[in-house]
Amino acid sequence: MIVTRFAPSPTGYLHLGGARTALFCWLMARHNGGKMILRIEDTDQKRNTPTATKQVIEDLRWLGIDWDEGPDVGGPNGPYLQSQRRDIYDRYIKKLLDEGKAYYCFERPEELKAMRDKAIAEKKTFIYPRPQSFPDIGDVEKARAEGRPVAVRFVVPQLETIVVEDIVRGRVSFPGGEFGDFVIQKSDGFPTYHFGCVVDDELMGVTHVIRGQEHLMNTPNHQLLQDALGFRRPAYAHMSVTVSEGGGKLSKRDRAKTLLKVIKGKPDIDKAKLAQESGLEISELESFLAGQSSPDAPIISAMAEHLGVHLPEINIVDFFHSGYLPEAMVNFTALLGWSPGDDREIMSLEELIEAFDIKRLAKTNSLFDRQKLTAFNTEHIRRVGPERLLKHFKDYLTVSESPLVQKDDETLAYILQANQGAQTFEQIADKCGFLFIEKVEFDPKAVKKVLRKEGVADLLGQARTALSELEVWDKESLHTMIEQLCQKNEVGMGKVAQPIRVAITGTTISPPIDDSLILLGKQKTLKRIDDTLGYIAHE
RNA sequence: GGCCCCGUCGUCUAGCCAGGUCCAGGACACAGGGUUUUCAUCCCUGCAACACGGGUUCAAAUCCCGUCGGGGUCACCA
């Protein structure tokens, strides 16, 4: 059976790159009727964030990705948090140590750095010098007594070449001399990534390791470790990377960078207020502006909101908050470095599973194109079906704290169908903002383009009268009424609809006029038209 | 810098492994036009690429070599 695994380290939210890796692992497992495992690689105590595991799980679930074994669902190969598997790693470390395939080392970080700097100065690749004879237990105790760190290194067999058979890259060979003895157990007792990864993949029965290209250079080390431990070798697939528009890996720094640019572009900004509103010390803000530090993700978001700027989404939650559909995210992400081979692009999860073939993973890096994502989202909004759409819409309204959450399902469903063709939920919510304002504020452009036009007061007055005489406030009656008004005055729809739209929303943008009127209700409509008539008279 | 990977329209890609069916197909974007009560949607048309240079071959986007360009990686991070 095919077993894949997604193994994130819990350092924050799930980002696009992680989601893409998880997606391909998931598609691989599901297409082949195999198993998917979620394993949390939390071996770096300094970097771990307490809530990150929960966040990652939530984000994966939102995308519609599930797994058969993992920290939240359990399974026969648990625990699925590496921090809880210390005794397992210790056993294998001891085995290697006993067999002379690993040894202790005691260098302080600064000593290691000095050795490395020396190598760089001599333009040589730094390779840790293996000692003539390996330290024994007595040496370890002595080192501990001196307060030296005690780590364990793997004895890397010196082979001529090391070959990795990769599903996407083909056969890749490395000169053996490139690889020195690397650390497998850190001085805090935790395994390094390499060791935890190799041991767990074996114990969990992982058959296919699908991961980012950045791990390709680690693979020789992993294979050597597998050989030394007598482990099976999983199949490897090193995926291309998705880069951001500035080039380089798509990273959370992109958000901070954009924000920094915005703040610097506005010299008259009230820094004290900005710091206060976003929960930041003024000194921290200054440090950020000076490029010396970067605040945490939530603070970045808070600042952006305060300034009213749109930051590039990089974490999956950002896309959720911006009103994208998980179906669109998955579909779009899947097509970054993969294609079904024909001209299909818009696909459901089921279709993706059905069509997935790991051999079709592309070798080339790809650039994330938001406009295409938006086009996908538009199409998926159209395709998901009313029930799911409503559910997603409500989830969106909740997280984005839109006032629309107060509305009942029936109204929300109505809004959804009145906004067919919308690109994102954000767009829909924005268009409905007029339902919640106390007093209409007129957009100067709308005033100029519509309200100042000849005969508007007269038409609006007629509309007001006709509207007030309407007994039934539904789509049909409203539509008929507007049509009659057009005929009577011998004008087009726009001439009537636009002044009403501006009167009730203050802008030229809203759902179709009859829908807007229904949503707003008769009473408010008449009131707003009266106000507008007054406004025009005063001008 | 060493090592590794990659190079088809602006972007995502199909085609490459098994050379001719490709003066390179689709989608997004862009430009122009159309539909529409606004925005969005929708429809039509157009623009646009085999990184470069050498080979091999009757024939190369497809195979080989080199150059250039991009990315990754060189931790007691994962």
Side-chain angles (χ1 to χ4, degrees), chain A residues 7-9 11 41-44 46-47 105 107-109 112-113 116 120 123-127 149-153 164 166 168-170 172-175 177-180 182-188 190-194 196-197 211-220 238 240-241 243 245 247-249 332 335-346 362-376 378 381-382 419-424 427-428 430-431 446 449-450 479 482 486 492-498 500-502 505 507-514 516:
Chain A
S9 53
T11 55
E41 310 222 318
D42 55 346
T43 54
D44 186 352
K46 292 184 287 290
R47 288 212 316 167
C105 62
E107 283 80 12
R108 294 200 160 91
L112 241 21
K113 188 177 181 304
R116 212 166 266 126
I120 291 170
K123 298 203 174 195
K124 281 193 288 200
T125 326
F126 171 68
I127 299 217
V150 177
V152 178
R153 279 179 194 267
V164 174
D166 190 274
V168 342
R169 315 270 151 202
V172 184
S173 35
F174 302 84
E178 289 287 309
F179 304 94
F182 56 94
V183 173
I184 53 177
Q185 186 178 54
K186 301 186 269 186
S187 57
D188 62 5
F190 279 84
T192 57
Y193 161 73
H194 309 290
C197 175
R211 46 161 52 153
Q213 191 202 141
E214 64 268 24
H215 288 296
L216 185 57
M217 295 298 283
N218 294 147
T219 311
H238 288 95
S240 59
V241 173
V243 297
E245 250 131 299
K249 269 205 290 187
F332 179 70
L335 259 30
L336 250 27
W338 178 82
S339 82
D342 48 37
D343 287 339
R344 273 185 299 167
E345 288 209 318
I346 300 292
K363 299 181 208 294
T364 56
N365 289 172
S366 52
L367 208 72
F368 182 80
D369 179 5
R370 181 172 321 281
Q371 282 180 308
K372 185 145 183 173
L373 201 221
T374 306
F376 271 53
T378 310
I381 286 182
R382 216 193 314 276
N419 278 286
Q420 280 173 27
Q423 298 173 309
T424 64
Q427 212 174 58
I428 297 177
D430 284 352
K431 263 201 223 176
K449 245 171 87 181
V450 180
H479 195 77
I482 293 173
C486 290
M493 280 288 222
K495 283 274 183 265
V496 177
Q498 277 306 77
I500 300 176
R501 172 172 284 118
V502 176
T505 70
T507 76
T508 57
I509 300 167
S510 88
I513 194 65
D514 37 10
S516 295

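First the proteins, then the strands, lettered A, B, ... as listed; each starts at 1. Note that the coordinates shown come from a computational prediction; the quantities given were computed from them, not determined experimentally.
Taking atom C1' in both B:A48 and B:U21, one finds a spacing of 24 Å when rounded to whole Å. Atom name C1', nucleotides B:C52 and B:C47: the rounded distance is 25 Å, in whole Å. Nucleotides B:G2 and B:A61 are separated by 33 Å at their P atoms, to the nearest Å. A distance of about 27 Å separates the C1' atoms of B:G69 and B:G26, rounded to the whole Å.
Within the 4.0 angstrom heavy-atom criterion, no nucleotide atom of any strand lies near A:T374. Across all strands shown, A:S9 has heavy atoms under 4.0 Å from sugar-phosphate atoms exclusively, and none from any base.
Whole-Å rounding puts the A:Q213 CD to B:G70 P distance at 16 Å. Taking atom CD of residue A:Q427 and atom C1' of nucleotide B:U41, one finds them 10 Å apart after rounding to whole Å.
When each of B:A75, B:A27, B:C3 is scored by its nearest atom to the side-chain atoms of A:K372, the top-ranked nucleotide is B:A27. Among the nucleotides B:C4, B:A78, B:C74, the one closest to any side-chain atom of A:M217 is B:C4.
For B:C77, one of the phosphate oxygens OP1 or OP2 lies less than 4.0 angstrom from a side-chain nitrogen or oxygen of A:K186.
Crowding of A:K186 atom NZ: a count of heavy atoms from other residues, nucleotides or ligands under 6.0 Å exceeding 12.
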